[in-house]
Protein chains: 2
Amino acid sequence: MSRATLRDVAKLAGVSVATASKALNGQPQVRAETRERVVRAAEQLSFSPNTLAQGLITQRSGTVGLLTSDLEGRFSIPILMGAEDAFGSDQTSVFLCDARGDAIREKHHLRALLSRRVDGLIVVGARPDTRPSLGDLPVPVVYAYAPSDDPADLSLITDNVGGGRTAVDHLIRCGRRRIAHITGDPGYSAAQDRARGAVERLTEEGLELAGGEVWFGMWSEAWGRGATRMLLDRCPEVDAIFAGSDEIARGVLDVLHEERIDVPSRVAVIGFDNWSVLAVNSRPPLTTIDHNLEHLGRIAAQRLSAAMDGVTGSGVETFPVRLITRESTAPLR
Amino acid sequence: MSRATLRDVAKLAGVSVATASKALNGQPQVRAETRERVVRAAEQLSFSPNTLAQGLITQRSGTVGLLTSDLEGRFSIPILMGAEDAFGSDQTSVFLCDARGDAIREKHHLRALLSRRVDGLIVVGARPDTRPSLGDLPVPVVYAYAPSDDPADLSLITDNVGGGRTAVDHLIRCGRRRIAHITGDPGYSAAQDRARGAVERLTEEGLELAGGEVWFGMWSEAWGRGATRMLLDRCPEVDAIFAGSDEIARGVLDVLHEERIDVPSRVAVIGFDNWSVLAVNSRPPLTTIDHNLEHLGRIAAQRLSAAMDGVTGSGVETFPVRLITRESTAPLR
DNA sequence: CAGTGTTCCGAAAAGGTTTTCAAGAATGTG
DNA sequence: CACATTCTTGAAAACCTTTTCGGAACACTG
């Protein structure tokens, strides 16, 4: 299988390249019969236009770069899928580059992407803290998941405060009153924000955190286990635990199970992230908060398209997360 | 920040575009002093060559497509990283396309990639069973993880039989004699192969499977739990369990823990896949088999490079997996 | 029939780079 | 000094497509 050029198609159809081009691109100034002939010729040669040449002339490569630092692809992949959806895979293809948290590698990738003349860039951070701006680039950039530190950039993030509120709200609606919050590294804004949202919602209800404070620690099952043991010790009457991540929630469930404390009848547990391998397979399956990242990806693509057409935005836009109910939470009684 | 062209550089350096090109590409027929001037001009304008134009003329786009069906990116991401490493990120960028298991979407992506004039294609399956060949394409293709059904294609896969052998071998070296195997869907060649390797190694040792047979089921924690309960019922003297995946292993550990059966002192457990979120955080951390996928990705890139230079291969090549020992296995006593 | 408008097509330029080839400059040789 | 070599350089072609613009053919109108 070799590659036919437009000239081959034109020759076979007995027209000029110009006409062939117009025929295939649906330009009106070509007779229906001629167009038909050209289309047939193109099919016969299984012609597919050289996007490089197209890009050279239209000044649009039809590609975007997705620059990530998220080693596992846990966040980037859903964002990528959403973006692919929004762009339409035949219109735009995406270069996925993983900088692996290394600034030098990021610079490298950036250079490569720019020289590939990508039409735009989506930058996905590994964690939802602000990250350094890429600065002024010849193409539009959208920061997703992790916002840029430059307010002139456009950043799209998920609503961690709202997520915390939603989680606690759900527990309250389940009739829980003694709600504890075990979460990860306090150095992560995600941990702070989720905790803040949780406390806000509790306060509205005139409640306080069971255990008296937020249990900050690490983003690991082990911490979930350890914190839960301490919590049960200090506050055995707890009736709901909001875990700052699904990993932590797994640790929580583990210890509750070990202590023969039934979930959800005695203690309800809610996680965060909707990391399906953890949430779906747990015992019981985990109610959790989903970041709706495909949606974020779609929006990122739309914003990028708009920016390519000159409609540029800036600032941080926050998008709602959503509650996924499974069996680890239920109304009391 | 705008984009300077080679012409701008040439003008600034007071030479022709031809010379500028040669100077920047390290061609020998240009005076050192001239080259110096051109390089400085290029830096001053922060010139970066238009890869589209380069590709148009050199007939090499410097891109490859990674076509996957692996929704979570669990297998594709490491392969992508390996490939990126081997290509060198400044030489070659990769388009990641997820077909989401849909043949039509795959065709779509394929068209798009070909019209982008990718220099080669890496096809990653969602599971290690043979998959339909893409047929004859104008660019070289390497199938990774899931082999093509056409022996004329080149496929690189990981050694599941060897993995099964390695797992059981490790358990035997730990002094275990009553070894059971709980694994996933028997419709997966991965399940069959791993089981075969396990049984082979047992037979060499004159042993038989504890429980009398392979416990096929599903790739889930729930099945791991269920099978373990049945196993303990039927064969309480088991001293090691080889789980066909880390998910299953988590279920196994869960039930053993529940039954107060110590791991590894009474029963050793080994998983498969080295899916780090599951394996590292389990209690105890899980000994498992790693597919070495970055390595597979590197090899895929190398084979692709070779094929682009005309050195094409075919058939199925199998690559060794490796044992990752953590704390869920240990010598008896 | 002259003039006007429409419809359809093709020649050519453009986009940014690499590469070939010829010519000019510098150097060496006899 | 004439000639042959070796160095440097630049003009131009090529890659493949899109788009502009002018021209040809044709149908109407008055």
Side-chain angles (χ1 to χ4, degrees), chain A residues 2-39 41-42 45-63 90-91 112 114-119 138-139, chain B residues 2-39 41-42 45-63 90-91 112 114-119 138-139:
Chain A
S2 71
R3 14 158 97 79
T5 77
L6 191 56
R7 177 153 51 206
D8 303 326
V9 175
K11 196 182 299 173
L12 180 59
V15 298
S16 73
V17 268
T19 321
S21 168
K22 282 179 280 200
L24 293 176
N25 293 320
Q27 298 276 1
Q29 347 99 321
V30 46
R31 205 163 26 140
E33 191 259 337
T34 313
R35 181 189 312 275
E36 172 68 14
R37 230 174 31 210
V38 173
V39 169
L45 299 175
S46 66
F47 167 77
S48 97
N50 185 327
T51 323
L52 274 60
Q54 285 181 324
L56 198 52
I57 173 153
T58 61
Q59 304 285 37
R60 286 246 170 139
S61 64
T63 61
D90 35 345
Q91 296 298 328
L114 290 179
S115 92
R116 294 238 132 73
R117 293 301 187 271
V118 291
D119 297 329
V139 296
Chain B
S2 70
R3 54 275 177 208
T5 77
L6 192 56
R7 177 150 52 204
D8 302 327
V9 175
K11 197 182 297 173
L12 181 58
V15 299
S16 73
V17 269
T19 330
S21 169
K22 282 178 279 198
L24 293 176
N25 293 320
Q27 298 275 3
Q29 349 97 311
V30 47
R31 201 159 35 134
E33 191 259 337
T34 312
R35 180 189 313 274
E36 172 68 14
R37 228 173 32 206
V38 173
V39 168
L45 300 175
S46 66
F47 166 78
S48 97
N50 185 327
T51 323
L52 275 59
Q54 285 180 322
L56 198 53
I57 173 155
T58 61
Q59 306 283 38
R60 287 245 171 140
S61 64
T63 61
D90 36 345
Q91 297 297 328
L114 290 180
S115 93
R116 294 236 131 75
R117 294 300 187 268
V118 291
D119 296 330
V139 295

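All chains are named by letter (A, B, ...) in the order of the sequence lines, taking the proteins before the strands, and each is independently numbered beginning at 1.
Side-chain contact check for B:Leu114 versus B:Val139: some heavy-atom pair is nearer than 4.5 Å.
The phosphate of C:dC9 (OP1 or OP2) has a side-chain N or O of A:Arg31 nearer than 4.0 angstrom. Proximity of B:Gln27 to the phosphate of C:dT19: a side-chain N or O atom is located under 4.0 Å from OP1 or OP2. Side-chain nitrogen and oxygen atoms of B:Ser21 include none within less than 4.0 Å of the OP1 or OP2 phosphate oxygen of C:dT17.
Residue pairs meeting the salt bridge (Lys or Arg N to Asp or Glu O under 4.0 Å) criterion with at least one member in residues 13-30 of chain A: none, sequence neighbours excluded. Annotation: salt bridge (Lys or Arg N to Asp or Glu O under 4.0 Å) contacts involving residues 8-20 of chain B, sequence neighbours excluded, are absent.
Partners of B:Arg60 according to the salt bridge (Lys or Arg N to Asp or Glu O under 4.0 Å) rule, which considers only residues two or more places apart in sequence or in another chain, are B:Asp309. Not counting sequence neighbours, the partners of A:Arg116 by the side chain to side chain donor-acceptor pair (under 3.5 Å) test are B:Ser93. Residues passing the side chain to side chain contact (heavy atoms under 4.5 Å, CB included) test with A:Leu24 are A:Leu6, A:Val38, A:Val39, A:Ala42, A:Phe47, sequence neighbours excluded. For B:Ser16, the side chain to side chain donor-acceptor pair (under 3.5 Å) criterion is met by B:Thr19, not counting sequence neighbours. When the salt bridge (Lys or Arg N to Asp or Glu O under 4.0 Å) test is applied to B:Arg37, the partners found at least two apart in sequence or on another chain are B:Glu33. Every residue two or more places apart in sequence or in another chain that forms a side chain to side chain donor-acceptor pair (under 3.5 Å) with B:Ser115 is listed here: A:Thr51. Qualifying side chain to side chain donor-acceptor pair (under 3.5 Å) partners for B:Gln91, counting only residues two or more places apart in sequence or in other chains: none.
Taking five base pairs at each end of the helix from C:dC1-D:dG30 to C:dG30-D:dC1 and finding the rotation axis that steps the C1' atoms of four pairs onto the next four gives two axes whose angle is 60°, to the nearest 10°.
If you walk DNA chain D from 5' to 3' and mark each nucleotide with an atom closer than 4.0 Å to a heavy atom of chain B, the marks span D:dT8 to D:dC16.
Between A:Glu36 atom CD and C:dC8 atom P the separation is 15 Å, expressed in whole Å.
Less than 4.0 Å separates DNA chain D from at least one heavy atom of each of the following residues of residues 5-18 of chain A: A:Thr5, A:Leu6, A:Ala18.
Each of B:Val30 and B:Arg117 has a nearest nucleotide on DNA chain D; the 5'-most of these lies closest to B:Val30. Sequence order on DNA chain D of the closest nucleotides to B:Arg37 and B:Ala53 puts B:Arg37 first from the 5' end. Comparing A:Ile57 and B:Ser48 by the nucleotide of DNA chain C whose heavy atom lies nearest to each, the residue mapping closer to the 5' end is A:Ile57.
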- Message: Under the criterion side-chain contact (heavy atoms from CB on, under 4.5 Å), I'd like the reasoning laid out for B:Ser48 against A:Arg117: C-alpha separation, chi angles, the key distance, then a yes or no.
- Response: CA-CA 10 Å; B:Ser48 97; A:Arg117 293 301 187 271; 3.7 Å; yes

